[in-house]
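What you see is a predicted model; the values in this text were computed from it and never measured. One-based numbering, in listed order, for ligands and for the atoms of each.
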Amino acid sequence: MIKFTKSAITELEEEYVLDVLRNGSLSGDGKYTPLVYKQFEELFGIKNMLLTTSCTTALEMASILIDLKNDDEVIVPSFTFSSTANAFLLRGAKPIFCDIRKDTMNIDETLIESLITDKTKAIYTVDYAGVSCEYDAINRIAEKHGLFVIEDAAQAVGAYYNDIPCGTLTTLGCYSFHETKNYVMGEGGAIVFNSDKFIERAEIIREKGTNRRQVIQGLVDKYTWHDIGSSFLPSDLLSALLYAQMLRFDEIMSKRVNVWNTYHNILKPFEDSGKLRCPIVPNNCKHNGHMYNIILPNSDVRAKLIDEMKKKEVICYICYVPLHSSPMGRKLGYSPDACPVTEDYGERVLRLPLYADMTTENAEYVADSICEILRNL
Ligand SMILES: *Cc1c(COP(=O)(O)O)cnc(C)c1O
């Protein structure tokens with residue numbers, strides 16, 4: 001059986017987690033959390049970030065930090081995970097769904113301006129499949145209209161736009177280290193700051209609304225309640241796991257990209273058959289091997305391919321049910337035809353198994369099986 005995803009865990013991860021169990025403090029912001037920050041600074045030049053319990057909570061923190069309120073509007077792609085929208089719905093803000101580009105399936109920057117009203121406060125973007133959105137255009141629009149841009153870079157750790165790391169391209173960036181992402185801590189995430197503006201308040205929000213972090217930093221000797229907040233910081237056990245993963249950054253990246261390339265070398269030539277479309281990565285974007293997805297002619301072909309692949313012991317998954325046409329989207333009153341490209345692609349995208357320790361032979365078997373099945377459909 002070829003699994004869909006699998007974390008790349010070695011003795012290094014075991015060693016650091018055991019070190020915390022034996023010697024360290026189990027709660028947040030212990031020995032390993034600053035080591036993770038140092039790794040991100042070395043790899044991406046990130047000066048300020050905070051580890052969180054997930055990308056979901058990082059997005060929630062971002063929504064608190066930009067002071068979203070009742071009736072504010074947020075422009076967001078519908079082709080994403082529920083967390084991107086829940087983050088600001090929890091503040092009372094309203095999603096205005098924007099359709100996606102046909103190539104990258106990222107938010108279509110040419111449609112954003114037509115959705116801006118007096119109530120618009122922010123644009124939430126998603127770097128789908130570890131391929132960046134078109135941030136030159138998006139940031140220009142945001143600046144012109146005085147909007148915040150929040151980057152859901154859950155899938156984009158190690159991806160680049162014009163040689164700038166994803167997660168650092170906007171007001172605030174959010175990463176995921178969930179088990180299914182490239183670098184894992186089981187459940188975890190981070191919020192990345194691209195100016196000093198939000199850091200002090202973010203540290204308080206992340207610590208249940210208290211200035212506890214200033215005690216840890218030795219700046220004050222007791223802490224009290226200063227703001228709203230929650231418990232958004234992860235146990236140092238999980239930071240230890242992530243530290244090992246980030247030390248293995250290049251190794252994990254190159255293994256994933258190798259699987260991605262193996263798929264592409266077999267499936268791209270098969271594109272001429274008209275039976276599938278391969279991922280498109282614009283020249284100014286560097287992907288991180290997070291996901292290999294194919295677009296099939298229609299939902300019937302997709303369903304048949306999933307079934308036939310299962311018979312060959314390969315698990316493939318559909319990606320997103322578009323948010324605007326999901327049960328919650330309907331409840332909020334969105335019409336299914338609000339985003340036609342999203343609606344169409346939502347029925348036709350298929351994700352192939354991809355993880356660092358997948359062998360080249362297995363990747364070849366998956367890609368060859370897809371060609372064989374589609375040839376006979
Ligand atoms: C995985 C994912 C999330 C959620 O990440 P968690 O760390 O599990 O909260 C949010 N947005 C996108 C686009 C994702 O892929």
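A salt bridge links K255 with D357: at least one charged nitrogen is closer than 4.0 Å to a carboxylate oxygen. Contact check on K47 versus E41 returns a salt bridge, with a Lys/Arg side-chain nitrogen under 4.0 Å from an Asp/Glu carboxylate oxygen. Under 4.0 Å is where a charged nitrogen must lie from a carboxylate oxygen, and between E372 and R375 no such pair does. We find that D29 and R212 are not joined by a salt bridge, their nearest charged nitrogen and carboxylate oxygen being 4.0 Å or further apart.
Residue, atom and distance of the protein heavy atom nearest to atom 15 (O) of ligand 1 are Q155 NE2, 2.8 Å. At the shortest separation from atom 7 (O) of ligand 1 among protein heavy atoms lies S176 OG, 2.7 Å. Looking from atom 2 (C) of ligand 1 to the surrounding protein, the closest heavy atom is K181 NZ, 2.9 Å. The single protein non-hydrogen atom nearest to atom 3 (C) of ligand 1 is F81 CD2, 3.6 Å, given as residue, atom name and distance. Of the protein's non-hydrogen atoms, D152 OD2, 2.7 Å is the one closest to atom 11 (N) of ligand 1.
Residue contacts with ligand 1, taken as heavy atom pairs separated by less than 4.0 Å, involve A154 solely via side-chain atoms from C-beta onward. Counting heavy atoms under 4.0 Å from ligand 1, residue Y320 touches it through the side chain alone. Of the heavy atoms in V126, only side-chain atoms (C-beta onward) come closer than 4.0 Å to ligand 1.
For F177, no nitrogen or oxygen atom sits less than 3.5 Å from a nitrogen or oxygen atom of ligand 1, counting backbone and side chain alike. For T56, a nitrogen or oxygen atom sits less than 3.5 Å from a nitrogen or oxygen atom of ligand 1, counting backbone and side chain alike.
Under the 6.0 Å cut-off for aromatic ring centres, Y345 and F79 do not qualify, their centroids lying 6.0 Å or more apart. Taking the centre of each ring, F44 and Y175 stay at or above the 6.0 Å mark.
Under the 3.5 Å distance criterion, the side-chain polar atoms of Y183 are left unmatched by any main-chain donor or acceptor of R248.
When the heavy-atom distances from atom 8 (O) of ligand 1 to M185, H178, H290, M291 are ranked, the shortest goes to H178.
Residue contact check: G188 has heavy atoms under 4.0 Å from atoms 7 (O) of ligand 1. The C55 neighbourhood of ligand 1 comprises atoms 5 (O), 6 (P), 7 (O), 9 (O), with distances under 4.0 Å to a heavy atom of that residue.
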